[in-house]
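No hydrogens, no waters, no symmetry mates; every other heavy atom, side chains included, goes into these values. Note that the numbering runs from 1 along the sequence shown for the chain.
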Amino acid sequence: MINIKRDFLFHISVLIVAVISMLIGSKSLNIGGITIVFSPLIWAMILVFILYKSPFKYINTKNSEISNYMMGIMLSVLIAKLGVTSGSQLEEMKKAGVALVLQNFGNLGTILISLPIAMILGLKRESIGMCHALSREANVGLIQDNYGANSPEFRGVMAVYIIGTILGPIIMSVISSITISLGIITPLAAAMGTGAGSASMMTAGISALIANYPELESQMLAYGGLSNLISSVIALPLGIFIGLPLTEFLYKKIKREKKNEGIQTKNN
C-alpha cells in the first residue's frame with residue numbers, strides 16, 4: 001500500500017543526497033604515488049546508508065521496492081543514451097583499431113573464473129547476475145530487463161555493481177601502478193585496460209598511470225577514454241549475445257554435474 005508521506009520524504013531525501021554528492025564532487029587521495037579517487041556515487045551511497053541507519057527510520061526496507069522501479073526507469077534512459085553514444089562514435093571506434101575492441105572480450109574471463117567459485121561458495125541464481133560481466137550500468141539494465149528487479153539475478157548484479165563502485169577505483173588504481181612498476185605491460189596498454197566501462201575506475205587508473213609517466217599523459221588519456229567509451233558501447237551487445245547465454249549455459253552445466261556427483265555420493 002502506498003504511503004504518500006513516506007514516499008514523498010524518500011524522494012526528497014534522494015534529491016538532497018544527489019545534490020550534496022555532486023557538490024562534494026570527486027576527491028583524490030594519494031598514498032605512495034597511488035592515486036585513489038572517490039566519486040560522487042560513493043558519497044551518495046554513504047549518505048543514504050547513514051540515513052537508513054539513522055534513528056528517524058523514515059527510509060526503510062519498504063522503500064527498496066520503490067527504488068527498484070525507479071532504477072528500472074533510469075536504466076532505460078541510460079541504455080537509450082548508450083545507444084545514441086554508440087551510433088555517434090562508430091567512426092571513432094573504427095579508427096581506434098582492433099586492439100581496443102578485442103580487449104573487451106577479456107571481460108568474459110569473469111564468467112570462466114568467477115562463476116565456478118561463486119557456485120562453490122553456495123550462490124545460486126545470484127551468481128548469473130554477478131558473473132556474466134563486470135556488472136556496470138549497461139549490465140545492470142540488461143539483467144533487470146531479462147529477469148526483473150526482484151529476481152535473484154538482479155540482486156547479484158547489484159551486489160557486484162555496488163562493491164565495484166566502492167572498491168573498483170581503489171583496485172584499478174593499485175593494479176595499474178603495480179603492473180607498470182613491475183614492467184608486466186606498457187603504460188599505454190595499462191591505460192587501455194583502465195577503460196572497463198566505468199568512469200570512476202578509469203579516472204583512478206589513469207591518475208595512477210599519469211603520476212608514474214607524466215610525459216605520456218595525453219596519450220594515456222586518449223587510450224583510456226576511448227577504451228572506456230568502447231567498453232560502455234560494447235558491453236550491452238557483448239552481454240546479450242555472448243556473456244549472458246554463456247553464463248546461463250555454464251551455470252546449468254555446473255549445477256547438473258554437482259547434482260550428479262551428489263547422487264553418486266549418496267548411492268555409494
So which atom in [X] and which in [Y] form the shortest heavy-atom distance, rounded to 0.1 Å?
X      : Y      : result
Ser127 : Ala118 : CB-CB, 3.7 Å
Leu115 : Tyr251 : CD2-N, 3.7 Å
Ala196 : Leu134 : CB-CD1, 3.8 Å
Pro152 : Arg125 : CG-CB, 3.7 Å
Gly239 : Leu142 : C-CD2, 3.7 Å
Gly205 : Ser176 : CA-OG, 3.7 Å

Do [X] and [Y] have side chains that approach each other closer than 4.5 Å (heavy atoms only, starting at C-beta)?
X      : Y      : result
Val157 : His132 : yes
Leu216 : Leu209 : no
Phe249 : Leu244 : no
Trp43  : Val17  : no
Ile240 : Asn146 : no
Asn228 : Thr194 : no
Glu126 : Glu153 : no
Ile162 : Met158 : yes

May I ask whether [X] and [Y] are part of the same hydrophobic cluster, defined by side-chain heavy atoms of I, L, V, M, F, W, Y residues being less than 4.5 angstrom apart, directly or through others?
X      : Y      : value
Leu112 : Ile128 : yes
Ile113 : Ile120 : no
Leu15  : Leu47  : no
Val14  : Ile50  : yes
Met119 : Ile117 : no

Rounded to the nearest 0.5 Å, how far apart are [atom1] of [X] and [atom2] of [Y]?
X      : Y      : atom1 : atom2 : answer
Leu51  : Ile46  : CG    : CD1   : 12.5 Å
Leu121 : Met130 : CG    : CE    : 9.5 Å
Ile206 : Met192 : CD1   : CE    : 10.5 Å
Leu250 : Lys255 : CG    : NZ    : 14.5 Å
Tyr213 : Thr186 : OH    : OG1   : 9.0 Å
Arg155 : Leu123 : CZ    : CG    : 11.0 Å

| request: Step by step, work out the side chain to side chain contact (heavy atoms under 4.5 Å, CB included) result for Phe154 and Val140. | output: CA-CA 7 Å; Phe154 187 75; Val140 173; 3.8 Å; yes

| For Asn139 and Leu236, what are the C-alpha separation, side-chain angles and deciding distance, and is it a side chain to side chain contact (heavy atoms under 4.5 Å, CB included)? | CA-CA 7 Å; Asn139 304 113; Leu236 202 54; over 6 Å; no

| query | Hey, are Lys253 and Glu248 close enough for a salt bridge, meaning a charged N less than 4.0 Å from a carboxylate O? | reply |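 No, Lys253 and Glu248 are not salt-bridged.
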
